[in-house]
Amino acid sequence: MRTTVRRYYPKVQTKHRVRSMSSDEENASDISDSATSEFWADESARRVAENDRPPVVKGGVSPSGVPHIGNFNEVLRGAFVVRALECRDDIAGEPGQVFTSDDRDPLRRVPDTVLSPEGEVVELDAEERDELRAHLGKPYVDVPSPFADAAGAPDTWAEHFASFLREDAERLGVPVEFVSNDEMYEDGDFDQSVRTALSELERSRDVIARHQRTAGEGYVPFMPICAECGRITTTPTGVNVEDGAVDYVCDDAQLAGEYEVEGCGHRGTATLREGKLPWRFEWPAQWWTLGVGFEPFGKDHAEGSWESGVEIAREVYGVEPPEHLVYEFFLVDGGKMSASEGNVYTVSDILRYVEPEVLRYFFALDPKKQRDLSLAEIHHLVNDFDRIEDVRYGRDEPADSTERLYAERVYDDLRAPDEDPAEHEPVRPPYTFSAMVGVAGDDEARLDTLRRSGHLPEDPTETQKRDALRRVELARNWALDHDNEYAVRVLDDKPDADFDADTRTAFDELADAVESGASPDEIQNAVFETARQNDLGVGGFFSDGYRLFLGQESGPKLGPLLSALDREFVVERLRQPSDG
RNA sequence: GGGCCGGUAGCUUAGUCCGGUUAAAGCACCUGGCUCUUAACCAGGUGACCGGGGGUUCAAAUCCCCCCCGGCCCGCCA
């Protein structure tokens, strides 16, 4: 069995946290909250237990196109179920998670865009397209990566794609074992499945005919790889299960209803390891081979391959299909995610703006609901997460039973696997506020602002500093990238504005205060005083201050703002408010 | 043609499975506090015929039926 999975999570202290309450509290809670809904992952785990399925959770994707955030449904949804399984004591065996890269699938179309090794979505040029077109119909493991030349980059398309998922799974703290489908065929792991599908040919045909109109009389559930040209678009012409041999002819094929692939005409004989099962047979074969007891999958599979997969598992392979969960696809900025349209998000894109905990939280939300992921609106998600966290640490009361459920049951599963939520209570300054705190360039100024606003203890630990600075960095990235109202930008150049003599005098006096090392409050007061002393309207003088530094009429509280900026810069700007 | 999800305050949503006191939260907005101006924070407030219609019930956002609107998936391959 290949599915020995290391345990990354501290198992003990999170186990049914709710039960650690005193019995009085427990009773009270039972009464007042008897209808509290169940975390979906717990419900999934319960089904696994009740139906005596093995605690092995699988996911998997075909490595096509851009590895995007949607692919992570396959990883993270399952990860929560694994955690839920670990909390149960009625499970036989050690819970674990596998992810198959379905990398013997053929390259079916030339994508418009690919993910560069740097994680950028880039368009392929004409030459690269032609290069790829030559490989249509070959398994992804045999298609060269467009970036194979880059130092340290994987050689094959399959590995290029998988490397992102592997890296992202690690960043998100998911202990999932990656399995190459191609290697499984090569190692003979599918021998039994292939042999069974072919020896029970009539049964195979019966089942598939119920689901696929195109599967006719001569249907053979095996796709040999052409020994000459390497394409897997051949047509089987004879089966000899005894010898483990399938004859084929490499003829023309149509892929994705779009590309015409010319076969090389070669006639040959393949062993049962030199080809692959069609998807509808391959999926249940994976369940059988890997001993899968649970699998989340997207709604695209819900009607077709799942239904046929269940029947193939039972009627052809004679095994029980896993428990399952159909997840909705999410939208990106209100539309379907599409690499060619440019609205595709990767894990990296999102981790540029939010902590991994927040992204995990997104995937902990009800999988059955279609929801919109919008980076421009990501502060809402962050805010929701922060609320859950506040409730978890008793800093706030739950607003409803869902918040309570997420705080009490789910939150700890959102944290990094090497952290103990009971030990480390993160410092999490509010997101939009953090974005503005980021106007200060250096860490000390940022920490100082946070400390003064009460979002950081007077004497923070290194970890608390790290938490806070990370939040500021992420929020600042978000604000600047989207150029929204929280993107406070200090003018690099002096404003193209005229300030009258009194105003300039007041600026000059303000500069004295700043230069002398005044605190934010003192600077704030100095603004009032200098305005009055020079017979300026307070409101107008504030506006002039914002105009001078931000080029706008208003902005964050001026004292803290000026205090957060580099002192020499502020003094110089105040003394010489304009050029010429 | 079949299937899934959604339509609840200006916006984003929770609550629907398991019907039950004045339908909840965040954002936005308004008022007050922090000595006067503006990000934070604290206290409070305005704001919802719960998409429409019918039914079941003492009681419906919640259960049943029909309809309307929005989104997605499948009906090739994977």
Side-chain angles (χ1 to χ4, degrees), chain A residues 34-38 40 43 60-64 102 104-109 140 211-215 223 233 253-259 276-280 282-283 298-307 326-331 334-337 365-372 374 377 379-387 391 396-406 429-439 449-450 452-455 479 485-486 488 521 524-525 527-529 531-532 537-543 545-546 553-561 564:
Chain A
S34 57
T36 293
S37 47
E38 190 178 15
W40 57 266
E43 197 239 315
V61 297
S62 196
S64 59
D102 299 338
R104 194 170 269 201
D105 293 357
L107 176 71
R108 292 180 302 129
R109 54 185 300 272
Y140 285 111
H211 297 275
Q212 245 174 239
R213 258 168 280 161
T214 50
M223 304 157 68
T233 47
Q254 224 191 22
L255 290 169
E258 188 177 353
Y259 291 97
K276 76 184 281 291
L277 292 160
W279 165 244
R280 284 173 188 261
E282 188 175 75
W283 197 16
K299 67 194 289 187
D300 53 337
H301 291 312
E303 289 180 76
S305 34
W306 168 250
E307 286 172 1
V326 180
Y327 59 79
E328 272 282 344
F329 290 170
F330 38 74
L331 306 177
K336 59 186 285 189
M337 190 152 42
L365 297 171
D366 188 350
K368 291 184 123 71
K369 295 216 167 156
Q370 183 177 56
R371 53 187 85 234
D372 189 27
S374 168
E377 305 291 324
H379 57 305
H380 286 135
L381 181 73
V382 177
N383 196 33
D384 289 349
F385 169 84
D386 285 356
R387 275 198 57 78
V391 175
D396 206 343
E397 290 299 312
D400 54 47
S401 62
T402 308
E403 261 188 25
R404 182 199 186 113
L405 174 71
Y406 273 74
Y431 193 73
T432 50
F433 177 60
S434 299
M436 290 186 277
V437 170
V439 71
T449 306
L450 291 175
R452 290 176 193 284
S453 57
H455 294 296
E485 59 185 303
Y486 306 103
V488 179
D521 282 347
Q524 184 74 10
N525 286 331
V527 178
F528 287 104
E529 282 162 26
R532 289 191 195 111
V538 169
F541 187 54
F542 267 97
S543 291
Y546 292 121
E553 294 295 304
S554 59
K557 203 166 178 177
L558 202 50
L561 174 66

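These values consider heavy atoms only, across backbone and side chains, with no hydrogens, waters or symmetry-generated copies. To find a chain, count down the sequence lines: A is the first, B the second, and so on, and within it residues start at 1.
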Using a 4.0 Å heavy-atom cut-off, does [X] contact any base of the nucleic acid, only the sugar-phosphate backbone, or nothing at all?
X: A:Glu377; result: nothing
X: A:Phe329; result: sugar-phosphate
X: A:Gly540; result: base
X: A:Arg387; result: sugar-phosphate
X: A:Arg452; result: nothing
X: A:Asp105; result: sugar-phosphate

Counting only distance, no hydrogens or angles, is the base of B:C36 paired donor-acceptor with the side chain of A:Asn525 under 3.5 Å? yes
Could you check whether the side chain of A:Lys299 and the base of B:C72 have a donor-acceptor pair of N or O atoms closer than 3.5 Å, going by distance alone? yes
Among the nucleotides B:A39, B:A24, B:G71, which one has an atom lying closest to any side-chain atom of A:Ala399? B:A24
As a test of reading the structure: which of B:C5, B:C77, B:A40 is closest to the side chain of A:Gln370, going by heavy atoms? B:C5
Determine the interatomic distance between [atom1] on [N] and the same-named atom on [M]; round to the nearest Å.
N: B:C74; M: B:C67; atom1: C1'; value: 25 Å
N: B:G20; M: B:C66; atom1: C1'; value: 27 Å
N: B:U46; M: B:A25; atom1: P; value: 12 Å

